[in-house]
Number of protein chains: 2
Amino acid sequence: MTAVLVVDDDTYLLRALRITLQAHGYDVVAAPDGRSALLAAQQQPPALVILDLGLPDMDGSAVIRKLRGWSSVPILVLSARHGSEDKVQALDAGADDYLTKPFGLDELLARLRALLRRSAEAEPPALITTEAFTVDLGKRRVLRDGQDIRLTPTEWKMLEVLVRNPEKLVTQQQLLSEVWGPAYAKETNYLRVYMAQLRRKLEPEATPRHLITEAGIGYRFLP
Amino acid sequence: MTAVLVVDDDTYLLRALRITLQAHGYDVVAAPDGRSALLAAQQQPPALVILDLGLPDMDGSAVIRKLRGWSSVPILVLSARHGSEDKVQALDAGADDYLTKPFGLDELLARLRALLRRSAEAEPPALITTEAFTVDLGKRRVLRDGQDIRLTPTEWKMLEVLVRNPEKLVTQQQLLSEVWGPAYAKETNYLRVYMAQLRRKLEPEATPRHLITEAGIGYRFLP
DNA sequence: GCCCGGCGTCAAGGATTCGTCAAGATCCCC
DNA sequence: GGGGATCTTGACGAATCCTTGACGCCGGGC
(Lines give C-alpha, C1' and ligand atoms only; values in the text may rest on other atoms or scores of the structure.)
Protein backbone atom coordinates (compact mmCIF):
# COMPACT_ATOMS: atom_id res chain seq x y z
CA MET A 1 0.00 0.00 0.00
CA THR A 2 1.10 3.56 -0.64
CA ALA A 3 2.43 5.16 2.53
CA VAL A 4 1.86 8.88 3.11
CA LEU A 5 3.57 10.78 5.89
CA VAL A 6 1.41 13.65 7.16
CA VAL A 7 3.24 16.29 9.18
CA ASP A 8 0.87 18.64 11.00
CA ASP A 9 0.22 19.81 14.54
CA ASP A 10 -3.42 20.64 13.89
CA THR A 11 -5.19 17.67 15.47
CA TYR A 12 -8.44 18.33 13.74
CA LEU A 13 -6.95 18.63 10.27
CA LEU A 14 -4.80 15.60 10.92
CA ARG A 15 -7.87 13.52 11.74
CA ALA A 16 -9.68 14.70 8.63
CA LEU A 17 -6.68 13.92 6.44
CA ARG A 18 -6.16 10.52 7.98
CA ILE A 19 -9.77 9.51 7.43
CA THR A 20 -9.89 10.82 3.86
CA LEU A 21 -6.57 9.35 2.82
CA GLN A 22 -7.28 5.98 4.34
CA ALA A 23 -10.67 5.94 2.63
CA HIS A 24 -8.82 6.35 -0.66
CA GLY A 25 -6.48 3.49 -0.03
CA TYR A 26 -3.44 5.24 1.39
CA ASP A 27 -1.48 4.14 4.41
CA VAL A 28 -1.14 7.11 6.75
CA VAL A 29 1.72 7.84 9.13
CA ALA A 30 1.37 11.01 11.20
CA ALA A 31 3.94 13.28 12.83
CA PRO A 32 3.14 16.39 14.88
CA ASP A 33 6.45 18.24 14.42
CA GLY A 34 9.57 18.47 12.30
CA ARG A 35 11.84 16.28 14.38
CA SER A 36 9.48 13.35 14.61
CA ALA A 37 8.69 13.78 10.91
CA LEU A 38 12.34 13.41 9.91
CA LEU A 39 12.66 10.44 12.20
CA ALA A 40 9.56 8.76 10.81
CA ALA A 41 10.66 9.40 7.22
CA GLN A 42 13.93 7.70 7.98
CA GLN A 43 12.51 4.68 9.77
CA GLN A 44 9.75 3.85 7.31
CA PRO A 45 10.29 5.80 4.08
CA PRO A 46 6.92 6.97 2.72
CA ALA A 47 5.93 7.33 -0.93
CA LEU A 48 4.91 10.93 -0.33
CA VAL A 49 5.06 13.60 2.38
CA ILE A 50 2.34 16.13 3.20
CA LEU A 51 3.95 18.89 5.22
CA ASP A 52 2.33 21.78 7.06
CA LEU A 53 4.66 24.77 7.15
CA GLY A 54 3.45 25.97 10.53
CA LEU A 55 5.26 23.56 12.81
CA PRO A 56 5.92 24.15 16.50
CA ASP A 57 9.58 23.15 16.61
CA MET A 58 11.26 24.27 13.40
CA ASP A 59 10.86 26.17 10.15
CA GLY A 60 9.09 24.30 7.40
CA SER A 61 11.73 25.04 4.76
CA ALA A 62 14.36 23.68 7.12
CA VAL A 63 12.46 20.41 7.34
CA ILE A 64 12.34 20.23 3.55
CA ARG A 65 16.05 20.87 3.20
CA LYS A 66 16.94 18.28 5.79
CA LEU A 67 14.70 15.73 4.18
CA ARG A 68 16.21 16.50 0.78
CA GLY A 69 19.61 15.82 2.28
CA TRP A 70 19.00 12.10 1.98
CA SER A 71 15.60 11.53 0.34
CA SER A 72 13.94 12.41 -2.94
CA VAL A 73 10.40 11.62 -1.83
CA PRO A 74 7.73 13.96 -3.30
CA ILE A 75 6.75 16.70 -0.84
CA LEU A 76 3.42 18.51 -0.87
CA VAL A 77 3.38 21.60 1.33
CA LEU A 78 0.34 22.99 3.15
CA SER A 79 0.18 26.51 4.49
CA ALA A 80 -2.25 29.10 5.77
CA ARG A 81 -0.19 31.97 4.39
CA HIS A 82 -1.26 33.46 1.09
CA GLY A 83 1.96 35.36 0.50
CA SER A 84 4.04 34.12 -2.37
CA GLU A 85 7.36 34.38 -0.53
CA ASP A 86 6.64 31.31 1.53
CA LYS A 87 5.68 29.40 -1.57
CA VAL A 88 8.83 30.36 -3.44
CA GLN A 89 10.96 29.57 -0.42
CA ALA A 90 9.39 26.16 0.13
CA LEU A 91 9.45 25.18 -3.55
CA ASP A 92 13.05 26.22 -3.98
CA ALA A 93 13.99 24.34 -0.83
CA GLY A 94 12.90 21.21 -2.65
CA ALA A 95 9.13 20.91 -2.27
CA ASP A 96 7.17 19.67 -5.27
CA ASP A 97 3.78 21.29 -4.71
CA TYR A 98 2.14 23.90 -2.51
CA LEU A 99 -1.45 24.15 -1.35
CA THR A 100 -2.97 27.11 0.50
CA LYS A 101 -5.52 26.61 3.26
CA PRO A 102 -8.39 26.29 3.04
CA PHE A 103 -8.31 23.73 0.30
CA GLY A 104 -10.70 21.14 -1.08
CA LEU A 105 -9.95 17.57 -0.18
CA ASP A 106 -10.64 16.45 -3.72
CA GLU A 107 -8.04 18.91 -4.99
CA LEU A 108 -5.56 17.62 -2.46
CA LEU A 109 -6.20 14.08 -3.63
CA ALA A 110 -5.82 15.08 -7.27
CA ARG A 111 -2.50 16.81 -6.64
CA LEU A 112 -1.39 13.82 -4.65
CA ARG A 113 -2.20 11.52 -7.56
CA ALA A 114 -0.30 13.79 -9.95
CA LEU A 115 2.78 13.74 -7.72
CA LEU A 116 2.70 9.99 -7.25
CA ARG A 117 2.24 9.47 -10.98
CA ARG A 118 5.37 11.49 -11.62
CA SER A 119 7.50 9.72 -9.07
CA ALA A 120 6.33 6.35 -10.36
CA GLU A 121 7.63 7.26 -13.80
CA ALA A 122 10.97 8.31 -12.48
CA GLU A 123 11.30 5.12 -10.47
CA PRO A 124 12.50 2.27 -12.75
CA PRO A 125 16.27 2.65 -12.78
CA ALA A 126 16.43 2.61 -9.02
CA LEU A 127 19.06 -0.10 -8.72
CA ILE A 128 22.47 0.23 -10.35
CA THR A 129 24.92 -2.62 -9.99
CA THR A 130 28.62 -2.91 -10.69
CA GLU A 131 31.11 -5.66 -9.98
CA ALA A 132 32.17 -3.92 -6.84
CA PHE A 133 29.07 -2.28 -5.39
CA THR A 134 25.33 -1.69 -5.79
CA VAL A 135 23.60 1.67 -5.59
CA ASP A 136 19.95 1.80 -4.53
CA LEU A 137 18.75 5.21 -5.61
CA GLY A 138 15.29 4.71 -4.17
CA LYS A 139 16.44 3.81 -0.69
CA ARG A 140 19.55 5.95 -0.86
CA ARG A 141 21.86 3.12 0.04
CA VAL A 142 25.06 1.62 -1.25
CA LEU A 143 25.88 -2.03 -0.77
CA ARG A 144 29.28 -3.66 -1.06
CA ASP A 145 29.75 -7.36 -0.33
CA GLY A 146 26.32 -7.37 1.30
CA GLN A 147 27.37 -4.69 3.75
CA ASP A 148 25.89 -1.27 3.35
CA ILE A 149 28.38 1.56 3.12
CA ARG A 150 27.96 4.74 5.12
CA LEU A 151 28.08 7.83 2.93
CA THR A 152 27.89 11.43 4.06
CA PRO A 153 25.19 13.61 2.42
CA THR A 154 27.71 15.26 0.11
CA GLU A 155 29.31 11.98 -0.86
CA TRP A 156 25.89 10.61 -1.69
CA LYS A 157 24.79 13.55 -3.81
CA MET A 158 27.96 13.36 -5.81
CA LEU A 159 27.62 9.62 -6.34
CA GLU A 160 23.98 10.07 -7.27
CA VAL A 161 24.72 12.62 -9.99
CA LEU A 162 27.34 10.34 -11.49
CA VAL A 163 25.25 7.19 -11.24
CA ARG A 164 22.20 8.84 -12.79
CA ASN A 165 24.32 9.47 -15.87
CA PRO A 166 25.90 6.09 -16.48
CA GLU A 167 28.83 6.05 -18.91
CA LYS A 168 28.28 9.74 -19.48
CA LEU A 169 30.91 12.32 -18.85
CA VAL A 170 29.82 14.70 -16.12
CA THR A 171 31.49 18.07 -16.23
CA GLN A 172 33.20 19.49 -13.17
CA GLN A 173 30.89 22.50 -13.34
CA GLN A 174 27.88 20.23 -13.63
CA LEU A 175 28.91 18.25 -10.56
CA LEU A 176 29.75 21.31 -8.52
CA SER A 177 26.55 23.13 -9.36
CA GLU A 178 24.36 20.09 -8.70
CA VAL A 179 25.98 19.18 -5.40
CA TRP A 180 27.14 22.48 -3.93
CA GLY A 181 25.19 25.03 -5.98
CA PRO A 182 25.97 27.19 -9.01
CA ALA A 183 28.09 29.58 -6.95
CA TYR A 184 30.75 26.91 -6.35
CA ALA A 185 31.62 26.32 -10.01
CA LYS A 186 35.28 27.13 -9.38
CA GLU A 187 35.93 24.98 -6.34
CA THR A 188 37.36 21.96 -8.14
CA ASN A 189 39.19 21.18 -4.94
CA TYR A 190 36.02 19.76 -3.46
CA LEU A 191 35.68 17.30 -6.30
CA ARG A 192 39.13 15.88 -5.72
CA VAL A 193 38.61 15.52 -1.99
CA TYR A 194 35.21 13.84 -2.23
CA MET A 195 36.09 11.70 -5.21
CA ALA A 196 38.97 10.32 -3.19
CA GLN A 197 36.63 9.53 -0.29
CA LEU A 198 34.12 7.85 -2.59
CA ARG A 199 36.81 5.74 -4.19
CA ARG A 200 38.21 4.77 -0.82
CA LYS A 201 34.77 3.56 0.22
CA LEU A 202 33.63 1.97 -3.03
CA GLU A 203 36.55 0.95 -5.23
CA PRO A 204 38.10 -2.34 -4.12
CA GLU A 205 41.32 -1.95 -6.08
CA ALA A 206 43.86 0.82 -6.14
CA THR A 207 43.14 1.81 -9.73
CA PRO A 208 39.57 3.06 -10.15
CA ARG A 209 37.38 0.96 -12.44
CA HIS A 210 34.00 2.61 -12.00
CA LEU A 211 34.68 6.18 -10.98
CA ILE A 212 36.87 7.44 -13.78
CA THR A 213 38.45 10.86 -13.97
CA GLU A 214 38.70 12.67 -17.26
CA ALA A 215 41.53 15.08 -16.73
CA GLY A 216 40.60 18.68 -17.32
CA ILE A 217 36.93 17.98 -17.92
CA GLY A 218 35.18 15.99 -15.23
CA TYR A 219 34.32 12.46 -14.12
CA ARG A 220 32.50 9.43 -15.44
CA PHE A 221 30.71 6.45 -13.87
CA LEU A 222 31.10 3.04 -15.54
CA PRO A 223 28.86 0.17 -14.35
CA MET B 1 18.48 26.64 -23.35
CA THR B 2 15.32 25.37 -21.67
CA ALA B 3 12.34 25.65 -24.01
CA VAL B 4 8.91 26.44 -22.54
CA LEU B 5 5.71 26.18 -24.58
CA VAL B 6 3.11 28.73 -23.42
CA VAL B 7 -0.45 28.03 -24.54
CA ASP B 8 -2.78 30.98 -23.98
CA ASP B 9 -5.11 33.16 -26.02
CA ASP B 10 -4.80 36.12 -23.69
CA THR B 11 -2.41 38.36 -25.60
CA TYR B 12 -1.60 40.49 -22.62
CA LEU B 13 -0.76 37.61 -20.30
CA LEU B 14 1.20 35.95 -23.07
CA ARG B 15 3.37 39.03 -23.45
CA ALA B 16 3.99 39.26 -19.73
CA LEU B 17 4.90 35.59 -19.51
CA ARG B 18 7.20 35.77 -22.51
CA ILE B 19 9.11 38.72 -21.10
CA THR B 20 9.41 37.26 -17.61
CA LEU B 21 10.42 33.80 -18.77
CA GLN B 22 12.97 35.08 -21.25
CA ALA B 23 14.41 37.33 -18.58
CA HIS B 24 15.00 34.20 -16.49
CA GLY B 25 16.80 32.38 -19.24
CA TYR B 26 14.01 30.32 -20.75
CA ASP B 27 13.32 29.95 -24.44
CA VAL B 28 9.64 30.74 -25.07
CA VAL B 29 7.41 29.28 -27.76
CA ALA B 30 3.82 30.54 -27.82
CA ALA B 31 0.60 28.98 -29.10
CA PRO B 32 -2.83 30.68 -29.00
CA ASP B 33 -5.00 27.53 -29.08
CA GLY B 34 -5.03 23.79 -28.50
CA ARG B 35 -4.41 22.69 -32.06
CA SER B 36 -1.38 24.86 -32.64
CA ALA B 37 -0.12 23.90 -29.18
CA LEU B 38 -0.14 20.20 -29.99
CA LEU B 39 1.51 20.92 -33.31
CA ALA B 40 4.20 23.07 -31.73
CA ALA B 41 4.86 20.47 -29.01
CA GLN B 42 5.40 17.88 -31.70
CA GLN B 43 7.60 19.93 -33.97
CA GLN B 44 9.94 21.30 -31.32
CA PRO B 45 9.44 19.39 -28.08
CA PRO B 46 9.68 21.79 -25.12
CA ALA B 47 11.05 21.01 -21.67
CA LEU B 48 7.81 22.21 -20.07
CA VAL B 49 4.30 23.32 -21.07
CA ILE B 50 2.31 26.15 -19.49
CA LEU B 51 -1.32 25.64 -20.48
CA ASP B 52 -4.28 27.94 -19.98
CA LEU B 53 -7.48 25.94 -19.60
CA GLY B 54 -9.67 28.56 -21.29
CA LEU B 55 -8.83 27.91 -24.91
CA PRO B 56 -11.00 28.97 -27.85
CA ASP B 57 -10.95 25.74 -29.82
CA MET B 58 -10.96 22.82 -27.41
CA ASP B 59 -11.24 21.76 -23.79
CA GLY B 60 -8.08 22.10 -21.73
CA SER B 61 -8.25 18.58 -20.32
CA ALA B 62 -8.54 17.23 -23.85
CA VAL B 63 -5.33 18.99 -24.80
CA ILE B 64 -3.60 17.42 -21.80
CA ARG B 65 -4.83 13.93 -22.65
CA LYS B 66 -3.75 14.24 -26.29
CA LEU B 67 -0.36 15.50 -25.25
CA ARG B 68 0.02 12.67 -22.78
CA GLY B 69 -0.66 10.25 -25.59
CA TRP B 70 2.90 10.60 -26.81
CA SER B 71 4.75 12.93 -24.48
CA SER B 72 5.62 13.00 -20.78
CA VAL B 73 6.62 16.64 -20.71
CA PRO B 74 5.70 18.41 -17.43
CA ILE B 75 2.47 20.42 -17.76
CA LEU B 76 1.60 23.41 -15.59
CA VAL B 77 -2.04 24.47 -15.91
CA LEU B 78 -3.36 28.02 -15.53
CA SER B 79 -7.01 28.82 -14.96
CA ALA B 80 -9.31 31.59 -13.83
CA ARG B 81 -11.77 29.17 -12.27
CA HIS B 82 -11.61 28.69 -8.56
CA GLY B 83 -13.74 25.62 -8.55
CA SER B 84 -11.96 22.45 -7.58
CA GLU B 85 -13.63 20.30 -10.23
CA ASP B 86 -11.52 21.80 -13.00
CA LYS B 87 -8.38 21.27 -10.99
CA VAL B 88 -9.17 17.65 -10.27
CA GLN B 89 -10.08 17.05 -13.88
CA ALA B 90 -6.92 18.65 -15.24
CA LEU B 91 -4.61 16.96 -12.76
CA ASP B 92 -6.15 13.56 -13.36
CA ALA B 93 -5.90 14.09 -17.10
CA GLY B 94 -2.16 14.20 -16.64
CA ALA B 95 -1.24 17.74 -15.62
CA ASP B 96 1.52 18.12 -13.03
CA ASP B 97 0.58 21.40 -11.40
CA TYR B 98 -2.26 23.88 -11.31
CA LEU B 99 -2.19 27.62 -10.72
CA THR B 100 -5.25 29.84 -10.26
CA LYS B 101 -5.37 33.36 -11.69
CA PRO B 102 -4.40 35.82 -10.51
CA PHE B 103 -1.02 34.45 -9.52
CA GLY B 104 2.35 35.93 -8.64
CA LEU B 105 5.05 35.59 -11.27
CA ASP B 106 7.61 34.58 -8.67
CA GLU B 107 5.36 31.76 -7.57
CA LEU B 108 4.95 30.64 -11.16
CA LEU B 109 8.72 30.66 -11.57
CA ALA B 110 9.19 28.70 -8.37
CA ARG B 111 6.68 26.04 -9.41
CA LEU B 112 8.30 25.92 -12.80
CA ARG B 113 11.69 25.29 -11.20
CA ALA B 114 10.19 22.55 -9.03
CA LEU B 115 8.70 20.83 -12.07
CA LEU B 116 11.87 21.05 -14.13
CA ARG B 117 13.90 19.76 -11.22
CA ARG B 118 11.75 16.66 -11.23
CA SER B 119 12.10 15.91 -14.90
CA ALA B 120 15.73 14.99 -15.20
CA GLU B 121 15.61 13.53 -18.65
CA ALA B 122 18.00 11.86 -21.02
CA GLU B 123 19.25 13.49 -24.17
CA PRO B 124 19.12 12.01 -27.64
CA PRO B 125 21.87 9.48 -28.32
CA ALA B 126 23.65 11.33 -31.17
CA LEU B 127 25.81 8.41 -32.22
CA ILE B 128 28.22 8.57 -35.13
CA THR B 129 29.55 5.26 -36.33
CA THR B 130 32.33 4.24 -38.68
CA GLU B 131 33.85 0.86 -39.49
CA ALA B 132 36.62 1.45 -37.03
CA PHE B 133 35.10 3.43 -34.16
CA THR B 134 31.94 5.00 -32.72
CA VAL B 135 31.62 8.53 -31.38
CA ASP B 136 28.99 9.21 -28.72
CA LEU B 137 28.56 12.97 -28.64
CA GLY B 138 26.01 12.89 -25.80
CA LYS B 139 28.20 10.88 -23.45
CA ARG B 140 31.37 12.40 -24.75
CA ARG B 141 32.88 9.03 -25.48
CA VAL B 142 34.65 7.12 -28.24
CA LEU B 143 34.40 3.35 -28.61
CA ARG B 144 36.64 1.06 -30.62
CA ASP B 145 36.09 -2.70 -30.58
CA GLY B 146 33.85 -2.25 -27.55
CA GLN B 147 36.67 -0.61 -25.60
CA ASP B 148 36.40 3.04 -24.86
CA ILE B 149 39.26 5.17 -26.03
CA ARG B 150 40.62 7.81 -23.74
CA LEU B 151 40.98 11.22 -25.35
CA THR B 152 42.46 14.38 -23.93
CA PRO B 153 40.26 17.50 -23.90
CA THR B 154 41.97 18.97 -26.96
CA GLU B 155 41.84 15.71 -28.87
CA TRP B 156 38.14 15.46 -28.13
CA LYS B 157 37.33 19.01 -29.20
CA MET B 158 39.11 18.50 -32.46
CA LEU B 159 37.35 15.20 -33.15
CA GLU B 160 34.02 16.76 -32.22
CA VAL B 161 34.39 19.59 -34.73
CA LEU B 162 35.25 17.15 -37.48
CA VAL B 163 32.52 14.67 -36.61
CA ARG B 164 29.85 17.35 -36.44
CA ASN B 165 30.64 18.13 -40.08
CA PRO B 166 30.66 14.68 -41.67
CA GLU B 167 32.15 14.48 -45.16
CA LYS B 168 32.60 18.22 -45.13
CA LEU B 169 35.93 19.92 -45.51
CA VAL B 170 36.94 21.75 -42.33
CA THR B 171 39.60 24.35 -42.94
CA GLN B 172 42.65 24.67 -40.75
CA GLN B 173 41.56 28.11 -39.59
CA GLN B 174 38.14 26.79 -38.67
CA LEU B 175 39.61 23.96 -36.61
CA LEU B 176 42.16 26.15 -34.90
CA SER B 177 39.69 28.85 -33.98
CA GLU B 178 37.09 26.39 -32.69
CA VAL B 179 39.50 24.36 -30.60
CA TRP B 180 42.18 26.81 -29.51
CA GLY B 181 40.50 30.17 -30.15
CA PRO B 182 40.66 32.74 -32.93
CA ALA B 183 44.11 33.94 -31.85
CA TYR B 184 45.75 30.65 -32.83
CA ALA B 185 44.83 30.73 -36.53
CA LYS B 186 48.49 30.45 -37.55
CA GLU B 187 49.55 27.53 -35.39
CA THR B 188 49.05 24.79 -37.94
CA ASN B 189 51.65 22.84 -36.04
CA TYR B 190 49.07 21.95 -33.41
CA LEU B 191 46.85 20.40 -36.03
CA ARG B 192 49.56 18.06 -37.21
CA VAL B 193 50.48 16.98 -33.71
CA TYR B 194 46.93 16.31 -32.56
CA MET B 195 45.76 14.78 -35.80
CA ALA B 196 48.60 12.30 -35.47
CA GLN B 197 47.50 11.43 -31.92
CA LEU B 198 43.88 11.02 -33.00
CA ARG B 199 44.86 8.73 -35.84
CA ARG B 200 47.07 6.64 -33.62
CA LYS B 201 44.17 6.17 -31.23
CA LEU B 202 41.36 5.72 -33.74
CA GLU B 203 42.61 4.56 -37.12
CA PRO B 204 43.33 0.82 -37.20
CA GLU B 205 45.44 0.88 -40.36
CA ALA B 206 48.47 2.89 -41.28
CA THR B 207 46.71 4.84 -44.02
CA PRO B 208 43.87 6.96 -42.63
CA ARG B 209 40.39 6.07 -43.86
CA HIS B 210 38.22 8.35 -41.75
CA LEU B 211 40.40 11.29 -40.80
CA ILE B 212 41.54 12.58 -44.17
CA THR B 213 43.93 15.46 -44.74
CA GLU B 214 43.34 17.84 -47.60
CA ALA B 215 46.79 19.24 -48.25
CA GLY B 216 47.02 22.96 -47.92
CA ILE B 217 43.37 23.39 -46.91
CA GLY B 218 42.31 21.38 -43.90
CA TYR B 219 40.82 18.04 -42.82
CA ARG B 220 37.75 15.95 -43.48
CA PHE B 221 35.88 13.24 -41.57
CA LEU B 222 34.44 10.29 -43.52
CA PRO B 223 32.04 7.92 -41.69
C1' DG C 1 67.69 15.84 -60.69
C1' DC C 2 67.21 19.49 -57.33
C1' DC C 3 64.70 22.70 -54.44
C1' DC C 4 61.04 23.67 -51.33
C1' DG C 5 56.77 23.94 -48.82
C1' DG C 6 53.50 21.23 -46.40
C1' DC C 7 52.89 17.18 -43.66
C1' DG C 8 53.85 13.38 -40.17
C1' DT C 9 56.69 12.01 -36.30
C1' DC C 10 59.07 12.29 -32.02
C1' DA C 11 60.55 13.76 -27.58
C1' DA C 12 61.65 17.07 -24.06
C1' DG C 13 60.21 21.01 -21.13
C1' DG C 14 56.94 23.55 -18.89
C1' DA C 15 52.31 24.29 -17.39
C1' DT C 16 48.04 22.37 -15.49
C1' DT C 17 45.57 19.35 -13.19
C1' DC C 18 45.01 15.43 -9.96
C1' DG C 19 45.40 12.61 -5.77
C1' DT C 20 46.53 12.83 -1.07
C1' DC C 21 46.90 14.34 3.51
C1' DA C 22 46.00 16.80 7.53
C1' DA C 23 44.69 20.61 10.10
C1' DG C 24 41.08 23.91 11.26
C1' DA C 25 36.10 25.36 10.94
C1' DT C 26 31.45 24.17 11.16
C1' DC C 27 27.39 21.73 11.96
C1' DC C 28 24.52 18.68 14.60
C1' DC C 29 22.89 15.63 18.12
C1' DC C 30 22.92 14.62 22.85
C1' DG D 1 27.90 23.21 26.17
C1' DG D 2 30.56 19.04 24.74
C1' DG D 3 31.89 15.61 21.39
C1' DG D 4 31.62 13.45 17.00
C1' DA D 5 30.85 13.62 12.31
C1' DT D 6 31.14 16.37 8.37
C1' DC D 7 32.67 20.02 5.60
C1' DT D 8 36.26 23.48 4.12
C1' DT D 9 40.91 24.93 3.09
C1' DG D 10 45.72 24.84 1.95
C1' DA D 11 49.87 22.58 0.56
C1' DC D 12 52.69 19.06 -1.66
C1' DG D 13 54.54 15.54 -5.07
C1' DA D 14 52.75 12.85 -8.97
C1' DA D 15 50.46 12.28 -13.12
C1' DT D 16 48.69 14.14 -17.19
C1' DC D 17 48.44 17.34 -20.80
C1' DC D 18 49.99 21.12 -23.82
C1' DT D 19 53.50 23.48 -26.20
C1' DT D 20 57.56 23.83 -28.87
C1' DG D 21 61.28 22.77 -31.79
C1' DA D 22 63.78 19.65 -34.70
C1' DC D 23 63.96 16.19 -38.22
C1' DG D 24 62.69 13.32 -42.27
C1' DC D 25 59.40 12.23 -45.84
C1' DC D 26 56.75 13.16 -49.89
C1' DG D 27 55.18 15.53 -54.09
C1' DG D 28 55.05 19.37 -57.23
C1' DG D 29 57.54 22.95 -59.72
C1' DC D 30 61.68 24.39 -61.99
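- The side chain of A/Tyr219 places an N or O atom within less than 4.0 Å of a non-bridging phosphate oxygen (OP1 or OP2) of C/dG19.
- The nucleotide whose nearest atom lies closest to any side-chain atom of A/Pro153 is, among C/dC18, C/dT9, D/dC7, D/dC7.
- Counting only heavy atoms from C-beta on, A/Val193 has its side chain closest to C/dC21 among C/dC21, C/dT9, D/dA5.
- Atom OH of B/Tyr190 is separated from atom C1' of C/dC7 by 17 Å (rounded to the nearest Å).
- Here the nucleotide nearest the side chain of A/Trp180, chosen from D/dT6, D/dC18, D/dT8, is D/dT8.
- With distances taken from any side-chain atom of A/Ala215 to the nucleotides C/dC7, D/dT16, D/dT6, the minimum falls on D/dT16.
- Between B/Lys201 atom NZ and D/dT16 atom C1' there is a gap of 11 Å when expressed in whole angstrom units.
- When A/Leu53, A/Leu78, A/Val88 are each tested for a side chain to side chain contact (heavy atoms under 4.5 Å, CB included) with A/Tyr98, only one passes: A/Leu53.
- Straight-line distance from the CZ atom of B/Arg192 to the P atom of D/dC18: 18 Å, rounded to whole Å.
- Rounded to a whole Å, the CD1 atom of A/Ile217 is 13 Å from the C1' atom of C/dT16.
- When distances run from any side-chain atom of B/Asn189 to the nucleotides C/dC10, D/dG21, D/dT6, the shortest one goes to D/dG21.
- Ranking D/dG21, D/dC18, D/dT9 by closeness to the B/Thr152 side chain, first place goes to D/dC18.
- Side chains of A/Leu175 and A/Leu191 form a contact here, defined as non-hydrogen atoms less than 4.5 Å apart.
- A salt bridge links B/Glu155 with B/Lys201: at least one charged nitrogen is closer than 4.0 Å to a carboxylate oxygen.
- Between B/Arg68 and B/Asp92, none of the side-chain N atoms (NZ, or NE/NH1/NH2) sits under 4.0 Å from a carboxylate O, so this pair counts as no salt bridge.
- A sub-4.0 Å separation between OP1 or OP2 of D/dC7 and a side-chain N or O of A/Lys157 is absent.
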Discussion item. Working note: B/Leu211 + B/Phe221, criterion side chain to side chain contact (heavy atoms under 4.5 Å, CB included); need CA distance, chi angles, decisive distance, verdict.
Written reply: CA-CA 5 Å; B/Leu211 299 171; B/Phe221 166 71; 4.1 Å; yes
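- Between the two ends of the helix from C/dG1-D/dC30 to C/dC30-D/dG1, each summarised by a five-pair axis, the helix axis turns through 30° (rounded to 10 degrees).
- Residue B/Gln172 is in sugar-phosphate contact alone, with no base atom involved, counting any heavy-atom pair closer than 4.0 Å across all strands shown.
- In this structure, CG of A/Leu39 is placed 17 Å from P of C/dC28, rounded to the nearest angstrom.
- Following rounding to the nearest Å, A/Glu187 (CD) and C/dC18 (C1') show an atom-to-atom distance of 16 Å.
- Between B/Met195 atom CE and D/dC18 atom C1' there is a gap of 17 Å when expressed in whole angstrom units.
- When each of A/Asp97, A/Leu5, A/Leu112 is tested with A/Ile50 by the rule side chain to side chain contact (heavy atoms under 4.5 Å, CB included), just one qualifies, namely A/Leu112.
- In this structure, B/Thr213 reaches the sugar-phosphate backbone alone: every heavy-atom distance under 4.0 Å involves primed, P, OP1 or OP2 atoms, never a base.
- The shortest distance between the side-chain N/O atoms of B/Tyr194 and the OP1/OP2 oxygens of D/dC18 is below 4.0 Å.
- Within the 4.0 angstrom heavy-atom criterion, no nucleotide atom of any strand lies near A/Arg35.
- For D/dT6, the OP1/OP2 oxygens have a side-chain nitrogen or oxygen of A/Arg150 closer than 4.0 Å.
- C/dC18 atom P lies 9 Å from atom CG of A/Leu191, rounded to whole Å.
- Between A/Glu167 and A/Arg220, no side-chain nitrogen of the basic residue sits less than 4.0 Å from a carboxylate oxygen of the acidic one, so the salt-bridge criterion is not met.
- Using a 4.0 Å cut-off between a side-chain N of Lys or Arg and a carboxylate O of Asp or Glu, A/Lys101 and A/Asp52 qualify as a salt bridge.
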